[in-house]
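Chain letters run A, B, ... following the sequence lines, proteins first, then strands; residues in each count from 1.
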Amino acid sequence: MSVRVRIAPSPTGLIHVGNVRSALFNWLFARHHKGTFIVRIDDTDVERSLREYEVDILEGFRWLGLDWDEGVEVGGPHGSYRQSDRFGRYRDAAHDLVDRGLAYYDDRTPEQLEELRTRAQAEKRHPNFYIRQPAEPVRAGAIRFSVPQDRPIEFEDVVRDAMRFEPETVDDFVILRSDGLPTYHLASTLDDVEYEISHVIRGEDLLPSTPKHILLSRALGGTPPVYAHLPLLFGPDGKKLSKRHGDTSLAAYRRGGYLPEAMLNFMSLLGWSLDSERTIFTRDEAIAAFDLDRVSKNPAIFDLEKLAWLNGEYIRALAPADFIERVMPQVEASLGRRLNDSERARFSTIAPLVQERTKLLIEAPGQVAWLFSEHFDIDPEAWTKVMVEGTADVLADAVDRLEKIDIWESESIEAALRSMLEDLAINARQGLQPLRVAVTGSSVSPPLFESLAVLGRQRTIDRLRAAIERLGAPGHPR
RNA sequence: GGCCCCGUCGUCCAGAGGCCCAGGACGCCGGCCUUUCAAGCCGGAAACGCCGGUUCGAAUCCGGUCGGGGCUGCCA
């Protein structure tokens with residue numbers, strides 16, 4: 001049997017990481033088995049579905065490198081891969097089920113249904129006990145699927161093993177709403193049948209709906225696919241990951257300076273592992289190793305700290321030129337202007353040192369703000385900590401020595417400043433930190449000698465003099 | 001309430017009766033390196049929810065219990 005899998009997001013919001021993880025597992029599974037990965041848009045909820053969200057979904061998949069073989073935008077043998085284009089098809093299918101006695105119209109109101117559920121509970125029966133076909137048939141309202149009560153629904157879930165649902169626990173669910181639009185159950189199941197989906201790999205939240213889908217598949221003339229229900233992704237509070245956990249949209253991570261390859265690696269670790277030792281691996285290694293039998297049953301908490309660490313690993317592994325290319329837009333965005341050629345050259349020189357210290361691309365601009373602007377902020381805390389008695393003299397001494405250097409480069413700067421340390425009999429912390437703060441405005445920066453080299457002699461000396469002045473100025477004792 | 005799922009370090013995963021007084025990773029703690037911060041290196045603390053049972057032997061099998069979660073809509 002050839003593997004045909006799909007991801008079928010609903011464009012009712014920015015795609016969030018839970019769906020992305022499902023997409024990833026489907027994609028890995030398809031690629032591993034040389035199968036077909038399909039992207040379908042389940043936009044049966046016309047009220048909430050928006051085209052901009054569909055764009056966001058597809059952009060997200062492309063960003064991660066999840067390419068699809070059939071589906072929206074790329075097409076395929078099944079016509080439209082957007083359910084809103086197939087409403088007629090679903091309606092026909094629903095009517096056909098009614099004609100065959102497998103479904104029925106129901107014009108009961110929500111209040112009536114609620115009452116039936118309440119009554120069943122009061123009688124200690126299953127809540128859905130009375131949600132069955134009424135004795136008197138009607139020809140209006142929504143269409144419900146009639147769940148056969150003669151035997152349990154059993155199936156083998158690839159990750160959950162043997163599953164069994166008693167028929168009385170499955171309600172006669174609506175397949176066509178009274179406005180003639182299909183529900184998710186009908187549209188999704190019919191599409192899975194008609195598109196010959198072999199495996200349905202999705203979140204565990206749909207496990208309770210699976211008996212409905214199996215029954216529907218058969219009624220529709222298909223063979224139910226193999227099901228694999230993935231463990232849910234939780235927020236730090238142990239609840240299903242949702243908007244209230246903050247940034248759960250993929251877009252937030254894209255903008256937040258995460259590398260797609262790191263994101264991919266990280267998400268593949270949520271409910272799966274390549275082996276017991278390896279945490280970092282390439283997409284091809286994941287494809288080669290991926291299968292559903294290593295998918296875990298337990299929910300996974302989305303651990304931002306581990307993601308950040310992994311991202312840092314990937315950033316450090318980047319070729320320097322690649323890092324520069326990826327980080328330049330972030331720097332320019334934060335500066336609010338394009339860098340000129342000489343600034344670009346300066347940045348490129350120091351970029352490898354920034355690269356080592358960056359976990360998220362968006363951190364980089366802050367590390368080099370001092371390099372491009374004379375209006376960088378001086379951290380007051382860093383200043384008071386480092387500018388102690390006698391510091392002005394040290395800075396003045398440094399200026400003298402730096403002015404005498406023949407060739408302005410990190411080696412000569414280091415030699416000059418080290419001999420100063422020696423002559424003054426002070427340690428690096430006493431002698432160098434004040435320079436760092438004076439020049440970069442912070443006690444945290446890329447390595448000092450390289451930083452001064454890139455900044456240039458004149459700017460360096462100007463900043464040191466400004467610091468000396470500030471130290472001597474009224475209102476700035478010491 | 002009903003149906004269903006899950007239960008190994010704080011977190012993610014490994015473990016499919018003896019290889020486990022439980023392994024890897026993040027985080028945490030300590031040390032080394034060091035011009036700051038990172039990175040790197042070395043070391044450390046940290047878990048089989050609980051109770052029974054099966055077995056010569058259980059993290060692994062069974063039962064119960066407790067705990068967490070999902071679903072319960074003419075949303076998906």
Is [X] touching bases, backbone alone, or none of the nucleic acid, heavy atoms closer than 4.0 Å?
X        : result
A:Thr44  : sugar-phosphate
A:Thr183 : sugar-phosphate
A:Leu435 : nothing
A:Ser443 : base
A:Leu448 : base
A:Ser10  : sugar-phosphate

| Mind checking the C1' distance from B:G63 to B:A46? Whole angstroms is fine. | 31 Å
| said: Taking atom types as they are modelled, would you say the side chain of A:Arg357 forms a donor-acceptor pair with the base of B:C37 within the 3.5 Å cutoff? | reply: yes
| remark: Across every strand shown, the nucleotide meeting Watson-Crick or G-U wobble geometry with B:G43 (both distances under 3.5 Å) is B:C29
Any protein N or O atoms within reach of nucleotides 29-32 of chain B? Criterion: under 3.5 Å, listing atom names and distances.
none

| message | At less than 4.0 Å, is any side-chain N or O atom of A:Arg125 found next to OP1 or OP2 of B:G2? Yes or no. | response | no
| task | Could you encode protein contacts along nucleotides 15-26 of chain B as a string, one character per nucleotide from 5' to 3', using B for base contact, S for sugar-phosphate-only contact and - for no contact, with a heavy-atom cut-off of under 4.0 Å? | result | S-------BSBS
